[in-house]
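Accompanying notes for the structure given below.
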Amino acid sequence: AAAGVRAGVDYVALKDRLRFSADLWDFNRPDDFSAHAKLTGRYYLSPSVFVTAGWDDFLNRKRDADSVFFGAGLRWSDDDIKYLLGSIPLKR
(Lines give C-alpha, C1' and ligand atoms only; values in the text may rest on other atoms or scores of the structure.)
Protein backbone atom coordinates (compact mmCIF):
# COMPACT_ATOMS: atom_id res chain seq x y z
CA ALA A 1 0.00 0.00 0.00
CA ALA A 2 1.19 3.49 -0.77
CA ALA A 3 1.98 5.87 2.06
CA GLY A 4 -0.67 8.52 2.63
CA VAL A 5 -0.26 12.25 2.84
CA ARG A 6 -0.09 13.71 6.32
CA ALA A 7 0.08 17.35 7.41
CA GLY A 8 0.83 18.74 10.83
CA VAL A 9 2.02 21.74 12.77
CA ASP A 10 3.48 22.10 16.26
CA TYR A 11 3.69 25.22 18.42
CA VAL A 12 6.00 25.24 21.43
CA ALA A 13 5.85 27.78 24.28
CA LEU A 14 7.03 28.33 27.86
CA LYS A 15 10.60 27.21 27.17
CA ASP A 16 9.47 23.92 25.55
CA ARG A 17 7.21 22.96 28.48
CA LEU A 18 3.95 23.51 26.56
CA ARG A 19 3.28 22.02 23.13
CA PHE A 20 0.25 22.31 20.87
CA SER A 21 -0.08 20.04 17.82
CA ALA A 22 -2.54 19.84 14.94
CA ASP A 23 -2.49 16.87 12.54
CA LEU A 24 -4.51 16.05 9.43
CA TRP A 25 -4.37 12.73 7.53
CA ASP A 26 -6.43 9.97 5.91
CA PHE A 27 -7.93 12.21 3.22
CA ASN A 28 -9.62 9.33 1.32
CA ARG A 29 -11.70 7.80 4.10
CA PRO A 30 -14.61 5.56 3.09
CA ASP A 31 -18.31 6.29 3.69
CA ASP A 32 -17.99 10.06 3.08
CA PHE A 33 -16.04 10.69 6.27
CA SER A 34 -13.95 13.87 6.29
CA ALA A 35 -10.18 13.66 6.73
CA HIS A 36 -8.96 12.58 10.16
CA ALA A 37 -7.93 15.61 12.24
CA LYS A 38 -6.49 15.76 15.75
CA LEU A 39 -5.65 18.63 18.14
CA THR A 40 -3.35 17.87 21.06
CA GLY A 41 -1.92 19.85 23.97
CA ARG A 42 0.90 18.57 26.14
CA TYR A 43 2.39 20.18 29.26
CA TYR A 44 5.65 18.94 30.79
CA LEU A 45 5.58 19.04 34.60
CA SER A 46 9.26 18.04 34.52
CA PRO A 47 11.57 16.90 31.71
CA SER A 48 10.21 13.34 32.14
CA VAL A 49 6.57 13.75 33.30
CA PHE A 50 3.77 15.20 31.19
CA VAL A 51 -0.01 15.56 30.98
CA THR A 52 -1.83 15.64 27.66
CA ALA A 53 -5.32 16.32 26.32
CA GLY A 54 -6.94 16.77 22.96
CA TRP A 55 -9.77 16.35 20.52
CA ASP A 56 -9.60 13.57 17.93
CA ASP A 57 -11.49 13.31 14.62
CA PHE A 58 -13.32 16.60 15.24
CA LEU A 59 -14.11 17.11 11.53
CA ASN A 60 -16.62 14.26 11.84
CA ARG A 61 -18.67 15.55 14.80
CA LYS A 62 -21.99 15.11 12.99
CA ARG A 63 -21.15 11.42 12.52
CA ASP A 64 -20.25 10.96 16.21
CA ALA A 65 -16.71 9.97 15.28
CA ASP A 66 -15.03 12.62 17.45
CA SER A 67 -13.67 12.07 20.95
CA VAL A 68 -11.94 14.02 23.69
CA PHE A 69 -8.96 12.42 25.40
CA PHE A 70 -6.84 13.02 28.51
CA GLY A 71 -3.70 11.31 29.67
CA ALA A 72 -0.35 11.44 31.39
CA GLY A 73 2.98 9.89 30.66
CA LEU A 74 6.63 9.38 31.41
CA ARG A 75 9.43 9.98 28.95
CA TRP A 76 12.98 8.70 29.31
CA SER A 77 16.11 9.43 27.34
CA ASP A 78 18.93 6.94 26.74
CA ASP A 79 20.97 8.71 29.43
CA ASP A 80 18.14 8.26 31.97
CA ILE A 81 17.98 4.53 31.23
CA LYS A 82 21.78 4.16 31.50
CA TYR A 83 21.70 5.90 34.88
CA LEU A 84 18.85 3.70 36.16
CA LEU A 85 20.46 0.47 34.94
CA GLY A 86 23.83 1.53 36.32
CA SER A 87 22.35 2.07 39.80
CA ILE A 88 21.05 -1.53 40.07
CA PRO A 89 23.31 -3.54 42.37
CA LEU A 90 24.51 -6.82 40.89
CA LYS A 91 25.26 -9.90 43.00
CA ARG A 92 28.62 -11.48 42.45
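If you read the sequence from its start, that first residue is 1, and numbering goes on from there.
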Is there a side-chain contact between Leu14 and Tyr43 in this structure, where contact means two heavy atoms from C-beta onward sitting under 4.5 Å apart? yes

Does Trp25, at its CH2 atom, have more than 12 non-hydrogen atoms belonging to other residues, nucleotides or ligands within less than 6.0 Å?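 Count over threshold, so yes.
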
Enclosure of Phe20 CZ (heavy-atom neighbours >12, cutoff 6.0 Å):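 Counting neighbours around CZ of Phe20, 12 or fewer heavy atoms of other residues, nucleotides or ligands fall under 6.0 Å, so no.
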
Taking side-chain contact (heavy atoms from CB on, under 4.5 Å) as the test, write out the residues that go with [X], two or more places apart.
| X | result |
| --- | --- |
| Ile88 | Leu85 |
| Thr40 | Ser21, Lys38, Thr52, Phe69 |
| Val68 | Trp55, Phe70 |
| Ala35 | Leu24, Phe27 |

Contact summary for Phe58 and Leu39, nearest pair of heavy atoms: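 Residues Phe58 and Leu39, closest heavy atoms: CE2-CG, 3.4 Å.
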
Only pairs at least two apart or in different chains count here, so list each salt bridge (charged side-chain N to carboxylate O under 4.0 Å, His left out) that has a residue in residues 56-72.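 Listed by first then second residue: Arg29-Asp57.
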
Applying salt bridge (charged side-chain N to carboxylate O under 4.0 Å, His left out), which residue pairs with at least one partner in residues 7-23 are found, sequence neighbours left out? Asp10-Arg19

Qualifying residues under side-chain hydrogen bond (donor to acceptor under 3.5 Å, both in side chains), relative to Arg75, sequence neighbours excluded: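 In terms of side-chain hydrogen bond (donor to acceptor under 3.5 Å, both in side chains), with neighbours along the sequence ignored, Arg75 is linked to Tyr44.
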
Enter the distance from Ser34:OG to Asn60:CG here, rounded to the nearest 0.5 Å.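 So the gap between those two atoms works out to 4.5 Å.
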
In one Ile/Leu/Val/Met/Phe/Trp/Tyr side-chain cluster, 4.5 Å: Val5, Phe33: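 They do not share one cluster, since no chain of ILVMFWY contacts under 4.5 Å joins Val5 to Phe33.
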
Taking the hydrophobic residues Ile, Leu, Val, Met, Phe, Trp and Tyr, and joining any pair whose side-chain heavy atoms are under 4.5 Å apart, which ones share a cluster with Val12?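 Its cluster partners, ordered by chain and number, are none at all.
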
